[in-house]
Protein chains: 2
Amino acid sequence: MDTPEHVEEAIEVLQQLGLKEYEARCFVGLTRLTTGTAKRLSEVTEVPRTRVYDAIRVLEAQGLVEIQHSSPQQFRAVPLAEATETLRDQYEERVDRLHNALDRVDVVDDDDGSPVQQVWAMAGRGAIENRTDQLVQKAAEEVVLVIGDDSLLTEDLVETLNELGSGVELVIGALTKSLQKQIQAAVPDATTFVSGLEWLRGENTTDDETAIGRLLLVDRSAILVSSIIPGTREEQAIFGEGFGNGLVVIARRLMAQGLIAARDPHQ
Amino acid sequence: MDTPEHVEEAIEVLQQLGLKEYEARCFVGLTRLTTGTAKRLSEVTEVPRTRVYDAIRVLEAQGLVEIQHSSPQQFRAVPLAEATETLRDQYEERVDRLHNALDRVDVVDDDDGSPVQQVWAMAGRGAIENRTDQLVQKAAEEVVLVIGDDSLLTEDLVETLNELGSGVELVIGALTKSLQKQIQAAVPDATTFVSGLEWLRGENTTDDETAIGRLLLVDRSAILVSSIIPGTREEQAIFGEGFGNGLVVIARRLMAQGLIAARDPHQ
DNA sequence: CTGAAAATCACCCGTTTAATCACAACCGAT
DNA sequence: ATCGGTTGTGATTAAACGGGTGATTTTCAG
């Protein structure tokens with residue numbers, strides 16, 4: 001059980017979860033001390049002693065620490081399991097409230113009929129994953145999917161793919177042989193193939209070239225292409241829908257030329 | 001489908017979930033427009049037009065909106081289901097990271113043997129609920145619970161109570177007859193009773209008196225008493241453990257005098 | 001080519017948050 | 001009772017951040 005790294009990470013995550021720096025430091029400090037006074041806490045956490053009290057009060061109000069009103073006061077963190085459970089509940093509740101509120105809103109629209117040349121950009125691993133799932137789920141005839149990085153083959157995706165009706169042709173490509181095998185094993189119903197998309201990788205395989213993430217074509221009328229930013233490893237994607245859509249047209253062309261994977265699957 | 005209230009609430013919740021005001025307004029605005037330009041968005045959301053762009057960029061990076069890079073740019077929100085799913089995932093992931101990081105930390109301690117007169121204070125409905133569950137779960141012989149407000153009889157609590165081994169005597173009290181019936185129905189194995197605790201309510205039943213929340217006594221060695229703040233309806237509790245604990249001693253005295261509910265249950 | 005709208009930039013200002021200081025209440029030990 | 005150090009609170013300063021506005025460049029339609 002070391003500490004150096006993990007303490008930092010815990011503090012960071014707690015801040016992402018909405019705590020201030022001092023609050024985060026104090027909470028982590030308390031999980032290391034099991035119980036402690038303001039003085040000791042201040043020593044361990046580098047939080048000015050006089051500020052420990054404020055931080056603790058906030059934490060207490062959030063149900064993350066307990067206070068013993070003695071002199072000197074003693075503080076202790078709620079057991080880890082309880083704390084995470086509390087946080088989880090808190091967020092579940094918020095997301096629910098959001099969902100309800102937004103459900104009862106919508107429709108001001110007043111939309112002018114938009115053209116059909118729409119290509120949308122989106123970012124964020126999770127969001128792209130969700131969109132991929134959605135698209136695959138509503139496939140009626142054919143799904144062509146190329147995966148460029150094994151980290152993208154998540155459990156959820158595999159599940160979604162396996163739940164596809166048997167009427168839907170499922171073709172999945174991979175950039176490497178090993179990834180192909182992995183896919184074939186996880187999704188037995190799929191026709192898999194390797195590569196055919198070398199042209200998508202950067203000139204060289206250097207890391208600082210933006211790498212292909214996924215390429216998804218559903219019923220030849222919706223397409224999603226994603227790439228992975230070299231530095232941050234963040235995923236970004238473009239996404240087009242509609243048979244007449246420019247992107248989709250290009251994709252169909254590529255398929256016609258056998259560059260993506262045709263209706264008559266290889267192997 | 002009205003709007004006025006819900007828009008406000010949605011914006012608020014989104015901010016609690018970590019978005020800035022402009023970002024929240026823009027997202028809600030987009031769920032009302034299905035699709036829109038910076039100009040229209042600015043009109044609907046009251047966000048300065050020149051700032052819409054920043055906000056949208058952040059939202060895009062979080063996977064909550066899509067951008068069409070045309071001129072003028074078009075924005076649209078990810079479908080509600082996808083958005084909430086994305087947020088949920090994001091938080092699950094953070095809580096997990098936190099759990100892991102903190103798991104790998106602990107133990108600096110250096111603790112001096114603490115006395116046994118510990119009485120801890122905690123706050124927050126969720127946190128107190130969790131603690132209540134924990135305590136009930138580890139009961140070995142006897143659980144005495146008094147509930148002062150029907151909003152405290154949550155599904156989780158009912159479940160926990162019903163999962164208690166048959167070797168544990170379960171006595172549950174309520175401040176009103178109707179609440180008692182409710183409890184008896186939800187937890188058939190329990191011996192229920194009414195009141196016996198009038199002295200816990202304020203002099204008068206006025207709302208501005210802090211009301212009793214719950215009172216829990218487990219195996220006569222751990223006790224938790226909570227009250228509900230008049231203004232905010234927030235719950236706060238004190239909690240003591242150990243047979244020799246002062247609070248616990250008091251509680252035992254009260255029981256011995258029949259003030260809480262004795263080993264030989266009423267009705 | 002020209003004017004208006006679109007998009008990006010740069011700056012201001014009030015609030016929040018981190019950090020320090022001054023002080024009164026308190027405690028333990030002589 | 002007294003004294004030195006600790007403990008808790010409040011006030012204060014400085015830096016960071018978020019909201020708000022105007023100037024500047026780019027883009028597009030006429």
Side-chain angles (χ1 to χ4, degrees), chain A residues 8 11-12 14-30 33 35-62 65-76 112 114-115 117-121, chain B residues 8 11-30 33 35-62 65-76 110 112-115 117 119-121:
Chain A
E8 280 308 316
I11 292 174
E12 241 174 70
L14 280 169
Q15 285 183 270
Q16 292 173 355
L17 286 169
L19 297 192
K20 306 304 171 200
E21 184 184 328
Y22 284 174
E23 294 157 19
R25 300 192 95 84
C26 282
F27 183 77
V28 175
L30 279 182
L33 290 180
T35 180
T37 65
K39 186 163 196 286
R40 300 222 320 142
L41 241 194
S42 145
E43 291 163 4
V44 175
T45 60
E46 316 253 82
V47 174
R49 191 186 58 82
T50 61
R51 297 293 89 204
V52 169
Y53 302 98
D54 309 68
I56 293 287
R57 261 193 285 273
V58 176
L59 288 172
E60 197 233 2
Q62 305 218 1
V65 313
E66 300 163 72
I67 301 179
Q68 184 174 53
H69 293 287
S70 50
S71 182
Q73 295 183 316
Q74 294 267 116
F75 312 122
R76 75 175 182 191
D112 36 1
S114 44
Q117 198 61 346
Q118 302 183 330
V119 177
W120 298 93
Chain B
E8 280 308 315
I11 292 175
E12 240 174 73
V13 177
L14 280 169
Q15 285 184 269
Q16 292 175 354
L17 287 168
L19 297 193
K20 306 305 170 200
E21 183 184 330
Y22 284 173
E23 294 156 18
R25 299 192 96 85
C26 282
F27 182 79
V28 175
L30 280 181
L33 291 179
T35 179
T37 65
K39 186 162 194 284
R40 301 220 325 142
L41 240 195
S42 145
E43 290 162 4
V44 175
T45 59
E46 317 253 77
V47 173
R49 193 183 57 81
T50 60
R51 274 315 183 77
V52 169
Y53 302 99
D54 310 72
I56 294 287
R57 260 192 285 275
V58 176
L59 289 172
E60 198 233 0
Q62 305 217 356
V65 314
E66 300 163 70
I67 300 179
Q68 186 174 52
H69 292 287
S70 50
S71 181
Q73 295 183 316
Q74 295 268 116
F75 312 122
R76 75 176 183 190
D110 188 21
D112 36 0
S114 44
Q117 198 62 346
V119 178
W120 298 93

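Letters A, B, ... are given to chains in the order of the sequence lines, protein chains preceding strands, and every chain is numbered from 1. The figures here come from the full heavy-atom set of this structure, side chains too, leaving out hydrogens, waters and symmetry mates.
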K.L.:
Look at B:Tyr53 and C:dT8 and indicate whether a side-chain polar atom (N or O) is within less than 4.0 Å of OP1 or OP2.
P.N.:
no
K.L.:
Not counting sequence neighbours, which residues clear side-chain contact (heavy atoms from CB on, under 4.5 Å) with B:Val13? List them please.
P.N.:
A:Arg94, A:Arg97, A:Leu98, B:Glu9, B:Leu17
K.L.:
Using every non-hydrogen atom in the two residues, find where A:Trp120 and B:Phe75 come nearest and quote the distance to one decimal.
P.N.:
CZ3-C, 3.8 Å
K.L.:
For the helix from C:dC13-D:dG18 to C:dT30-D:dA1, what is the angle between the axes at its two ends, each from 5 pairs, rounded to 10°?
P.N.:
20°
K.L.:
With sequence neighbours excluded, what pairs up with A:Ser70 under the side-chain contact (heavy atoms from CB on, under 4.5 Å) test?
P.N.:
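A:Ser70 satisfies side-chain contact (heavy atoms from CB on, under 4.5 Å) with A:Gln68, A:Gln74 only.
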K.L.:
Would you say the side chain of B:Leu33 lies within less than 4.5 Å of the side chain of B:Arg40, judging by non-hydrogen atoms?
P.N.:
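Answer yes - side chains close enough.
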K.L.:
Between B:Arg40 (CZ) and C:dA6 (C1'), how many Å, whole number?
P.N.:
16 Å
K.L.:
Pick out the pairs of N or O atoms, protein on one side and nucleotides 24-29 of chain C on the other, that lie under 3.5 Å.
P.N.:
none

K.L.:
What is the separation between atom CD1 on A:Ile67 and atom P on D:dT7, rounded to the nearest whole Å?
P.N.:
16 Å
K.L.:
Please check this pair: side chain of B:Ser42 against backbone of B:Val47, looking for a donor-acceptor N/O pair closer than 3.5 Å.
P.N.:
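Yes.
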K.L.:
Rounded to whole angstrom units, what separation is found between the CZ atom of B:Arg57 and the C1' atom of C:dA6?
P.N.:
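Rounding to the nearest Å, CZ of B:Arg57 and C1' of C:dA6 are 13 Å apart.
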K.L.:
Testing the basics here: between B:Leu30 and B:Gly36, what is the closest heavy-atom pair and its distance to 0.1 Å?
P.N.:
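The answer is CD2-N, 4.3 Å.
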K.L.:
Looking at residues at least two apart in the chain, or sitting in another chain, which of them share a salt bridge (charged side-chain N to carboxylate O under 4.0 Å, His left out) with A:Lys39?
P.N.:
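Applying salt bridge (charged side-chain N to carboxylate O under 4.0 Å, His left out) to A:Lys39 gives A:Glu43.
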K.L.:
Using a 4.0 Å heavy-atom cut-off, write out nucleotides 16-22 of chain D from 5' to 3' as B (base contacted by protein), S (sugar-phosphate only) or - (no contact).
P.N.:
--SBBBB
K.L.:
In a check of side-chain contact (heavy atoms from CB on, under 4.5 Å) between A:Gln73 and each of A:Ile56, A:Ile67, A:Val52, which one passes?
P.N.:
A:Ile67
K.L.:
Please figure out whether B:Asp54 or B:Thr37 has its closest DNA chain C nucleotide nearer the 5' end.
P.N.:
B:Thr37
K.L.:
C:dA6 P sits how many Å from B:Ile56 CD1, rounded?
P.N.:
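For the pair B:Ile56 CD1 and C:dA6 P, the rounded distance is 15 Å.
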K.L.:
Please tabulate the protein-to-nucleotide N/O contacts below 3.5 Å involving nucleotides 3-6 of chain D, giving atom names and distances.
P.N.:
none

K.L.:
Respond yes when some side-chain nitrogen or oxygen of A:Arg25 is under 4.0 Å from OP1 or OP2 of C:dA19, and no when none is.
P.N.:
no
K.L.:
Just grab all the salt bridge (Lys or Arg N to Asp or Glu O under 4.0 Å) pairs involving residues 47-60 of chain A, residues at least two apart or on different chains.
P.N.:
A:Arg51-A:Asp54
K.L.:
Over how many whole Å does the gap from A:Ile11 atom CD1 to C:dA18 atom C1' extend?
P.N.:
14 Å
K.L.:
Grab the CZ-P distance between A:Arg49 and C:dA22 for me, whole Å please.
P.N.:
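Roughly 14 Å, once rounded to whole Å.
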K.L.:
With the side chain counted from C-beta on, respond yes when B:Thr37 and B:Leu41 share a heavy-atom pair under 4.5 Å apart, and no when they do not.
P.N.:
no
K.L.:
Grab the NE2-P distance between B:His69 and C:dA7 for me, whole Å please.
P.N.:
11 Å
K.L.:
Please tabulate, for side-chain N and O atoms in residues 19-27 of chain B, each donor-acceptor pair with protein atoms closer than 3.5 Å (sequence neighbours left out).
P.N.:
residue, atom, partner, partner atom, Å
B:Glu21, OE2, B:Arg25, NH1, 3.3
B:Glu23, OE1, B:Lys20, N, 3.0
B:Arg25, NE, B:Thr45, O, 2.9

